Colleague: 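Dropping the structure in here first, questions after.
For the numbers below, each heavy atom of this structure counts, side chains included, while hydrogens, waters and symmetry mates do not. Counting starts at 1 for both ligands and their atoms, in listed order. All of these numbers come straight from a predicted model, not from anything done at the bench. Here, residue 1 is the first one in the sequence, and each next residue gets the next number.
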Amino acid sequence: MSDRLYIFDTTLRDGEQSPGCSMNIEEKLRVAHGLSALGVDVIEAGFPIASPGDFEAVQRIAKEVQGPHIAALARAHPKDIERAGEAVKAAGERARIHTFIATSPIHMAAKLRMSPDQVVQRAIEAVMQARSLVAEVEFSAEDAGRSDIDFLCRIVEATIKAGARVINIPDTVGYMTPVEFGHRIKTLIERVPNSDEAIFSVHCHNDLGLAVANSLAAVEAGARQVECTLNGLGERAGNAALEEVVMALKTRADHYHIETAIDTSRIVPTSKMVSQVTGMPIQANKAIVGANAFAHESGIHQDGVLKHKQTYEIMTPESVGWSTNRMVLGKHSGRAALTARYTDLGVALDDKGLNAVFERFKKLADKKKDIFDEDLMTILSDDSEVNMERIKLVSLHAASGTKDAPVAAVSLDIEGVRHKATAEGDGPVDAAFKAIKSLVEPNGRLLLYSVNAITAGTDAQGEVSVRLQNEDLIVNGQGSDTDIVVASAKALIAALNKLPNMHAREVHAQYSGV
Ligand code: KIV
Ligand code: ZN
């Protein structure tokens, strides 16, 4: 008999807490639509009290994204809960408030400066307040992995009594081992007298690389919700990777006998979308979604796979969305075909979004004969044109070779005024960056520059991610083009457009009047 496991995706909340992973509202909406098409049960859309932007993102997701339940995170504070309730209200019966308080001795004493009795009382009040706003309340005992088990039983019983219908047991610092964690979940379910009135959930961090193993051990012990993120994004070393949890359960159904509602063929496209939107590249040997996850290099392996795939493949690449026949569109494809393909990829576009993307699609089809799904996802994330209000690339010319110093000449429109500069650099990309940066301020410190070839072939689009830091703010930008220098310039400009107060520099040394 197969049982059902609920997948609670926290890419937009814990995932967004990864350093440098912040997303703007449109990007969050795009990811949320993708998660809905993927089939997650719950989307944790954000932490509304954190900022007005977070609040608005949760509110729009609650209003616009159909299917999954929409959760908002709130500390066990009246203001947090009120704000979370307001943000998720539009999701109606699918609205969830996820409230939490720390329960480990070190967190209660050093961080909260509260006694265990005060923590229990605060948790009860928080759950009751949340229940007065929405029907579905989840309670998390932060740092449950390092909490005293008797105290954990006490607070779990009290919060279920107060109205929590999901009890989440986080291993906040990624400290647990699978056997220990599984035992902890089993003990809670057995010892808490009203445990049958709630679904037990787990939320594991990956500090020791055990997040997925711990989550699966908890499922074997009776947990029926797993909190996870695509590509394992999340605080520090990240959270349990959704794709790994889901594919472990599916591939080893003979062992786990548990089903999820995930459409596994959407895993790779959704994972790529998240990588593109956040600017966090996926390591090539990452399970399921890494570029090498199904690549057989050694002769012995290749020979085996050619004779019988299952010699070295425990699941098929197609089952997780690595399609073999990926050429979908070309120069003559129209809007309807483009919309249909995006719908298949789990992307909903409104008229404005479709117009912008269609224009980029046509430009790309002029340069590149075959347009693959990866190309479509990339032009979607190419925000160099979306954010063109303040700074827009007009032209770029870069030259390099074995003898001459690399040089780049750029022309930008900054708030409607044309500016030009040239610069030399350690390569054409460096020269282009220096020329662009000479025209604006603030222009940030480059934290990350990564290039990815989207498809095979020398006409492949290069997708570039740039991460900049200006004071406390970290922003990402993506750009794509069949010319890698142009893609780089677009990515830098997209990131610069996200810096508040960015403006044209009055005097720039490299100005040459080109
Ligand atoms: O890691 C953690 O404990 C959390 C909670 C807010 C669930 O993210
Ligand atoms: Zn977490």
Colleague: Under a 3.5 Å cutoff, is there a donor and acceptor pairing between the side chains of H203 and H205?
Modeller: yes
Colleague: Minimum heavy-atom separation for Q225 to S201, with atom names?
Modeller: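 Reported closest heavy-atom pair: NE2-OG, 2.9 Å.
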Colleague: Please check if any side-chain donor atom of E125 sits under 3.5 Å from a side-chain acceptor atom of Q121, or the reverse.
Modeller: yes
Colleague: Which parts of the protein, at residue level, reach under 4.0 Å of ligand 1 through a heavy atom?
Modeller: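 Shell around ligand 1 (4.0 Å, heavy atoms): R13, D14, H98, F100, S140, E142, N168, P170, T172, H203, H205.
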Colleague: Give the intermediate values and the outcome of salt bridge (Lys or Arg N to Asp or Glu O under 4.0 Å) for residues R13 and D54.
Modeller: CA-CA 9 Å; R13 200 277 299 169; D54 254 58; over 6 Å; no
Colleague: Excluding waters, which protein N, O or S atoms are within less than 2.8 Å of the Zn ion (ligand 2)?
Modeller: D14 OD2, H203 NE2, H205 NE2
Colleague: Would you please say whether a donor-acceptor pair under 3.5 Å links the side chains of D9 and T11?
Modeller: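 Distance-only check passes for D9 and T11.
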Colleague: Which atoms form the tightest heavy-atom contact between A240 and V245, and what is the distance?
Modeller: CB-CG2, 4.3 Å
Colleague: So with a 6.0 Å cut-off around CZ of R236, is the heavy-atom count from everything else above 12?
Modeller: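 Yes, CZ of R236 has more than 12 neighbouring heavy atoms, counting only those of other groups under 6.0 Å.
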Colleague: Side-chain donor-acceptor pair under 3.5 Å between D143 and T172, yes or no?
Modeller: no
Colleague: Check the surroundings of atom NZ in K111: do more than 12 heavy atoms from other residues, nucleotides or ligands lie under 6.0 Å from it?
Modeller: yes
